[in-house]
Amino acid sequence: MNTADAPALIEYASKSLDFTPHDTKWIPGSARIVCCGISPSSKGALRIYELEREGTKDLQHDLSFRPQGIKCATFGASRLGDQQLAMGDYAGKISICDLERKDSEIFQAQAHEGLVN
């Protein structure tokens with residue numbers, strides 16, 4: 001394979017995390033990313049970063065965002081600009097929350113008996 005024509009990834013910033021990340025997504029219409037995973041205490045962890053010239057700035061850091069670890073996330077369930085994150089967790093629940101209002105859960109349903117992947 002000729003790697004000269006292959007896409008290249010350029011590292012912009014590097015961060016150490018205090019949880020195990022499972023999914024990272026760009027927040028639509030912004031210079032921010034959200035990183036979801038599981039904390040050492042098995043809670044759902046969430047961290048939001050804003051990209052800046054000097055690297056990144058932490059906007060939100062919560063190691064107990066959800067009672068269960070977060071396995072997957074998407075913005076595919078929201079309109080552009082709404083910043084509603086749909087998440088699947090280790091207990092089989094799917095939930096949608098508004099990232100602008102941290103405690104605002106819009107929707108929740110038991111989707112599986114075990115892990116939502």
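Remember, predicted model here, so these are calculated numbers, not experimental data.
The shortest non-hydrogen separation linking Gln68 to Tyr90 is OE1-CB, 4.0 Å. The minimum heavy-atom distance linking Cys35 with Leu17 is given by the pair SG-CD1, 4.1 Å. Here the closest non-hydrogen pair linking Arg47 and Ser16 is NH1-O, 3.7 Å. Across all their heavy atoms, Thr56 and Ala13 have their closest contact at CG2-CB, 3.8 Å. When all heavy atoms of Gly76 and Thr74 are compared, the pair lying nearest together is N-OG1, 2.9 Å. The minimum heavy-atom distance between Ile94 and Ala111, with the atom names listed, is CD1-CB, 3.4 Å.
The distance from the OH atom of Tyr49 to the NZ atom of Lys57 is 14.0 Å, given to the nearest 0.5 Å. Atom CD1 of Ile48 and atom CG of Leu85 lie 8.5 Å apart (nearest 0.5 Å). Separating the CD atom in Gln108 from the SG atom in Cys97 is a distance of 10.5 Å, to the nearest 0.5 Å. Annotation: the span from His112 atom NE2 to Lys71 atom NZ amounts to 13.0 Å, rounded to 0.5 Å. Separating the CD1 atom in Ile106 from the CG atom in Asp98 is a distance of 5.0 Å, to the nearest 0.5 Å. The structure places CD1 of Ile70 at 5.5 Å from CG of Leu46, a figure rounded to the nearest 0.5 Å.
For Glu113, the CD atom counts as loosely surrounded, since its 6.0 Å shell holds 12 or fewer non-hydrogen atoms of other residues, nucleotides or ligands.
Using a distance-only test at 3.5 Å, with no hydrogens or angles considered, a donor-acceptor pair links the side chain of Gln110 to the main chain of Ala91.
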Side chain to side chain contact (heavy atoms under 4.5 Å, CB included) assessment of Arg32 paired with Gln83: CA-CA 11 Å; Arg32 296 182 289 165; Gln83 298 184 6; 2.8 Å; yes
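In the hydrophobic clustering of this structure, Ile27 groups with Leu59; members are Ile, Leu, Val, Met, Phe, Trp, Tyr whose side-chain heavy atoms approach within less than 4.5 Å, directly or through other members.
Under the 4.5 Å side-chain criterion, counting only non-hydrogen atoms from C-beta, Arg66 is in contact with Met87.
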